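These numbers come from a predicted model, not from an experiment.
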There are 2 protein chains.
Amino acid sequence: MVISARVHYACVAMLELAIQSDEGSPVAIREIADRHGIPGPFLVQILRSLRALGWVQSIRGSHGGYRLSVDPAGITLLDIAEAIGSQEAGCRTEANSTPIAGMLQKQWDDAAEASRSILGQATLSRLVDKARHGDETMFYI
Amino acid sequence: MVISARVHYACVAMLELAIQSDEGSPVAIREIADRHGIPGPFLVQILRSLRALGWVQSIRGSHGGYRLSVDPAGITLLDIAEAIGSQEAGCRTEANSTPIAGMLQKQWDDAAEASRSILGQATLSRLVDKARHGDETMFYI
DNA sequence: TTGATACTTGACTAAAGAGATCATATTTAT
DNA sequence: ATAAATATGATCTCTTTAGTCAAGTATCAA
């Protein structure tokens, strides 16, 4: 699975919003963009997509910004990558024409599934905890 | 890890050569291309790359073609993908600028490593066995 | 009511990579 | 000789990626 800059930025933004969700005031795009060196107008595009997905809400006007509008425990990096990124993982060959192609396709699928499994376990809430408590290894039941 | 058509074709070709390595006569590009619906001139390009890697050898002239020049047990799909494909797995962000970016980078790396692990176990010889003996599950020590 | 701040929207562009395609040359068996 | 193969370098089109721009709209605060 190739993670584009777009997907990476989307994850950065979602994490920033998750971290700052305690404070009442919304977070401005500029703040996130400046802190992470992301081109502002590009981040605007990305947040529009996230809003279309219903994952963030926007507050217009002065002192406006964005707020997370979902439970951070319910969104994983995989969700974001699949929603924002266009690039499929693995390889989609047309109609396993030959036994060899079919066998290879299965390997590509297995490899892609392995990546997806990792990213599917990384919820925003876990990552926020990780970011807050430093690098200590954490155990979950 | 995104598997391009180029990588997929390269793997098909290597498997074909591995399967037909018993017979003395080399395999023509046309034969592989026709059997799998691969554009001939494109496959030529790919076999050139494989030859440059020292994995196949070419025999020119009439009745010429290609032959595997390495042990099929020593080459995996990962080797081929990394040698032929240009696209890196995961995501390379520049110099983990922030804690959040660094944390994400680690997730991208973990996901990429999971894919690589799967493809790294798929040697040509195993796949050839699989292709020959049908779909029976095989056990290796 | 006016200005500053911040989001909204749609269009646009440059660069890179993917996936071929083509023409021409060279080698070898028969 | 000639047919069958590979060798080589150039070129081409299409899609995606990453980013930019301009003009509009909403809200707050003085």
Side-chain angles (χ1 to χ4, degrees), chain A residues 1-13 16-17 20 24-34 36-53 55-69 81 84-94, chain B residues 1-13 17 24-34 36-53 56-67 69 81 84-94:
Chain A
M1 172 162 264
V2 166
I3 302 301
S4 60
R6 185 181 232 90
V7 167
H8 180 75
Y9 293 159
C11 293
V12 168
E16 279 285 1
L17 296 185
Q20 299 190 41
S25 57
V27 184
I29 289 186
R30 282 288 303 278
E31 191 183 327
I32 300 176
D34 288 351
H36 293 89
I38 303 172
F42 193 22
L43 190 53
V44 169
Q45 270 190 13
I46 293 163
L47 279 167
R48 269 171 79 181
S49 304
L50 293 175
R51 194 184 48 142
L53 290 165
W55 291 347
V56 304
Q57 87 184 108
S58 64
I59 293 92
R60 299 181 65 165
S62 185
H63 299 96
Y66 283 86
R67 232 195 298 257
L68 207 63
S69 60
I84 296 295
S86 53
Q87 189 89 268
E88 274 283 317
C91 175
R92 188 70 11 217
T93 63
E94 12 139 334
Chain B
M1 171 162 264
V2 166
I3 303 299
S4 60
R6 185 181 231 90
V7 167
H8 180 74
Y9 293 158
C11 293
V12 168
L17 296 185
S25 57
V27 184
I29 289 185
R30 281 289 303 277
E31 189 183 329
I32 300 177
D34 288 351
H36 292 90
I38 302 172
F42 193 22
L43 191 53
V44 169
Q45 269 190 14
I46 292 164
L47 279 167
R48 270 171 80 182
S49 305
L50 293 175
R51 193 185 48 143
L53 290 163
V56 303
Q57 87 185 109
S58 64
I59 293 93
R60 298 182 66 166
S62 185
H63 298 94
Y66 283 86
R67 233 195 299 258
S69 60
I84 296 295
S86 53
Q87 190 88 268
E88 274 283 317
C91 174
R92 190 63 21 213
T93 64
E94 14 139 334

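- Here OG of S69(A) is found 9.5 Å from CG of L50(A). Values are rounded to the nearest 0.5 Å.
- dC7(C) atom C1' lies 13 Å from atom CZ of R30(A), rounded to whole Å.
- For the pair I84(B) CD1 and dA18(C) P, the computed distance is 12 Å after rounding to whole Å.
- As a whole-Å value, the separation of I46(A) CD1 from dT9(C) P is 16 Å.
- Nucleotide dT6(D) holds its C1' atom 14 Å from the CG atom of L50(B), rounded to whole Å.
- Listed pair R6(A) / dG19(D) fails the phosphate criterion, with no side-chain N or O lying under 4.0 Å from OP1 or OP2.
- Contact between the side-chain N/O atoms of S4(A) and the OP1/OP2 oxygens of dT16(D) is not found at any separation under 4.0 Å.
- Among the atoms of the strands shown, none is found under 4.0 Å from any heavy atom of L47(A).
- Taking atom CZ on F42(A) and atom P on dT13(C), their separation rounds to 18 Å, with Å as the unit.
- For the pair E31(A) and E16(A), the minimum side-chain heavy-atom distance is 4.5 Å or more.
- P39(B) comes within contact range of the sugar-phosphate backbone alone, with a heavy-atom separation under 4.0 Å but no base atom that close.
- In this structure, the separation between CZ on R30(A) and CD1 on I38(A) is 13.0 Å, given to the nearest 0.5 Å.
- Side-chain N/O atoms of Y9(A) include one lying less than 4.0 angstrom from OP1 or OP2 on dG19(D).
- Nearer to the 5' terminus of DNA chain C, by closest-nucleotide assignment, is the contact made by S62(A) (compared with the other of H63(B) and S62(A)).
- Checking the phosphate oxygens (OP1, OP2) of dA7(D), a side-chain nitrogen or oxygen of S58(B) falls inside 4.0 Å.
- For the pair Y66(B) and dA5(D), the criterion of a side-chain N or O lying under 4.0 Å from OP1 or OP2 is not met.
- Rounded to the nearest 0.5 angstrom, L17(A) CG and I32(A) CD1 are separated by 4.5 Å.
- At dT9(C), one or more side-chain N or O atoms of R51(A) fall inside 4.0 Å of OP1 or OP2 (strictly under the cut-off).
- Applying the 4.0 Å criterion to OP1 and OP2 of dA25(C), one finds that R60(B) has every side-chain N and O outside that range.
- Atom CD of Q45(A) and atom P of dC21(D) are 13 Å apart (whole Å).
- Separating the CD1 atom in I84(B) from the NE2 atom in H8(B) is a distance of 14.0 Å, to the nearest 0.5 Å.
- Of all nucleotides listed (dG19(D), dT28(C), dC22(C)), dC22(C) comes nearest to the side chain of P41(B).
- Rounded to whole Å, the distance from NE2 on H8(A) to P on dT17(D) is 16 Å.
- For the pair I3(B) CD1 and dA18(C) P, the computed distance is 12 Å after rounding to whole Å.
- Toward the 5′ end of DNA chain C lies the nearest nucleotide of G64(A), the other residue of the pair I59(B) and G64(A) mapping further downstream.
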